[in-house]
Amino acid sequence: MSSTPRPIRSVSNTELYDRWAKVYDTDGNILQALDDHMLPPLIDRVFKLLSSSSPLTITELGAGTGRNTVKLLSTALPISRINALDLSPGMLAVAKSRCAGALGSDGQAPQVAFYDFDALRPANYPLVASLSLTADLVVSTLVLEHLPLSDFFRTVKWLLKPEGGYLVLTNMHADMGRKSQAGFVDEETGEKVRGESFVYEVSEVLEEGKKWGFVLEGEVGERGVRKEDIGEGRLLGERGKKWIGCLCWFGCVMRLKV
Ligand SMILES: C[S@@+](CC[C@H](N)C(=O)[O-])C[C@H]1O[C@@H](n2cnc3c(N)ncnc32)[C@H](O)[C@@H]1O
């Protein structure tokens, strides 16, 4: 392994995510740490809004290594089933092993199933097509920046129940996206690897959502890196230092109106 990353090489998205899966949980990515910190209030908010007496179906779009799937599995929230979808078999393999044996706080866990899926080509995945229009809630964390906005909302709507449902969305903030792009250093080759990514302002995400029938529930949360976040035992490691003062994350709850 070389100490200085070699020049950037662009690769196909599936290759990118399969390679990223090997280091995704260990490379000190600050967005994941911010997301770990900021997501729980959004999940609490959406569960208050859902307040259904029957257990819920959640579909996770771009579940990755199951970082958030396992949190949902391990709560006492009234969830009957989680469908974890992702483009990358490598990511899904990590998610499966991470979720194996996870139990809710009451000793029970929802059913969880993992599916290969490309949000840009939903019709090509018959197993996932059978889940279309069944979700009470779609959760999609740190995925939007990798997809065209209209494809993202089209697919979320395709997954949600026709009588309406909710979306919990988190993403890289445009202030960070203008300075950086999702990627990683491949430990085997020393290459800095990057795939396709898009920079979205919060306002354009809300505007596009509106076109597809989504309205905002509550406030959009934005989170930058603060000086006090950095250091041993704090929210972020040294990789966070260069982002002090920059907004890096946003997240919100949206409702599909019928
Ligand atoms: C930055 S990771 C986020 C993973 C996870 N949600 C998290 O928050 O840790 C982005 C994920 O989106 C997935 N992804 C990218 N493009 C996709 C597409 N077109 N369809 C489905 N998943 C996709 C990738 O494979 C990757 O697992």
Side-chain angles (χ1 to χ4, degrees), residues 10-40 42-43 58-73 82-99 112 114-125 127-129 131-132 135 137-159 167-173 176-177 180-185 193-200 221 223 239 248-252:
S10 285
V11 297
S12 81
N13 276 344
T14 309
E15 181 189 339
L16 168 89
Y17 299 116
D18 277 349
R19 287 169 69 183
W20 197 1
K22 294 178 193 151
V23 295
Y24 187 82
D25 293 324
T26 51
D27 69 355
N29 184 311
I30 68 155
L31 262 183
Q32 291 163 42
L34 288 174
D35 196 69
D36 282 337
H37 184 60
M38 299 299 291
L39 184 67
L42 295 182
I43 296 293
I58 300 181
T59 297
E60 198 182 351
L61 180 57
T65 60
R67 189 175 59 83
N68 289 323
T69 325
V70 77
K71 289 181 205 154
L72 292 168
L73 274 175
I82 300 173
N83 304 309
L85 319 181
D86 203 280
L87 179 68
S88 155
M91 289 279 186
L92 285 174
V94 179
K96 275 182 209 167
S97 89
R98 177 182 237 154
C99 292
V112 60
F114 300 87
Y115 299 88
D116 286 330
F117 180 65
D118 184 351
L120 303 180
R121 294 166 194 82
N124 291 1
Y125 296 81
L127 283 179
V128 181
L131 308 173
S132 169
L137 167 64
V138 170
V139 173
S140 191
T141 59
L142 310 182
V143 176
L144 177 64
E145 69 183 274
H146 305 289
L147 298 172
L149 271 180
S150 55
D151 290 293
F152 177 81
F153 280 107
R154 180 187 298 111
T155 298
V156 172
K157 188 170 180 171
W158 181 80
L159 292 166
L167 165 66
V168 169
L169 161 68
T170 71
N171 199 40
M172 181 192 280
H173 199 284
M176 183 185 206
S180 170
Q181 206 187 316
F184 64 97
V185 176
V193 187
R194 284 183 181 164
E196 193 173 23
S197 66
F198 302 88
V199 176
Y200 296 130
R223 181 63 154 84
R239 271 183 73 176
C248 294
W249 177 100
F250 76 89
C252 63

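Both counts, for ligands and for their atoms, begin at 1 and track the order of listing.
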Any Q32 heavy atom less than 4.0 Å to ligand 1: no
Atoms of ligand 1, numbered as shown, that sit under 4.0 Å from any heavy atom of G64: 4 (C), 27 (O)
Subset of ligand 1 atoms that lie under 4.0 Å from at least one heavy atom of D118: 18 (C), 19 (N), 20 (N)
For S88, the ligand 1 atoms whose distance to one of its heavy atoms is below 4.0 Å: 25 (O)
Heavy-atom gap N13 to ligand 1 smaller than 4.0 Å: no
Shortest protein contact, atom 27 (O) of ligand 1 (heavy atom only): D86 OD2, 2.7 Å
Residues N13 and D118: side-chain donor-acceptor under 3.5 angstrom: no
Min side-chain heavy-atom separation I43-K71 under 4.5 Å: no
Residue, atom name and distance, where the atom is the protein heavy atom closest to atom 10 (C) of ligand 1: L142 O, 3.6 Å
CE on M91 to CG on D25, rounded to 0.5 Å: 8.0 Å
Atom 3 (C) of ligand 1 - nearest protein heavy atom and its distance: Y24 OH, 3.3 Å
Side chain R239, main chain D27, donor-acceptor under 3.5 Å: yes
Sole residue of N68, T141, L144 in side-chain contact (heavy atoms from CB on, under 4.5 Å) with T170: T141
Trace of the side-chain contact (heavy atoms from CB on, under 4.5 Å) decision for D116 with L92: CA-CA 8 Å; D116 286 330; L92 285 174; 3.3 Å; yes
Any N/O pair M91/ligand 1 closer than 3.5 Å: no
Flag, side chain of S140 to backbone of V143, donor-acceptor distance under 3.5 Å: no
Aromatic ring pairing W20/Y24, orientation class (parallel under 30°, perpendicular over 60°, tilted between): perpendicular
F153 vs L167 side-chain heavy atoms within contact, under 4.5 Å: yes
Rounded distance [0.5 Å steps], CG in L31 versus CZ in R223: 12.0 Å
Any N/O pair R67/ligand 1 closer than 3.5 Å: yes
Nitrogen or oxygen atoms of L87 and ligand 1 under 3.5 Å apart: yes
G62-ligand 1 polar pair, N/O distance under 3.5 Å: yes
Ligand-residue contact atoms, ligand 1 with A119, heavy atoms, under 4.0 Å: 18 (C), 19 (N), 20 (N), 21 (C)
Structural part of A63 in contact with ligand 1, heavy atom criterion under 4.0 angstrom: backbone
Part of T65 with heavy atoms under 4.0 Å of ligand 1, whether side chain, backbone, both or neither: neither
Min side-chain heavy-atom separation I30-C248 under 4.5 Å: yes
Protein heavy-atom partner closest to atom 15 (C) of ligand 1 - residue, atom, separation in Å: Y17 CE1, 3.4 Å
Per-atom contacts, ligand 1 versus F117 - under 4.0 Å to a heavy atom: 20 (N), 21 (C)
F184 and N29, any side-chain heavy atoms less than 4.5 Å apart: no
Backbone or side-chain N or O of H146 under 3.5 Å from ligand 1 N or O: no
Atom indices of ligand 1 within 4.0 angstrom of T141 heavy atoms, with elements: 3 (C), 5 (C), 6 (N), 7 (C), 8 (O)
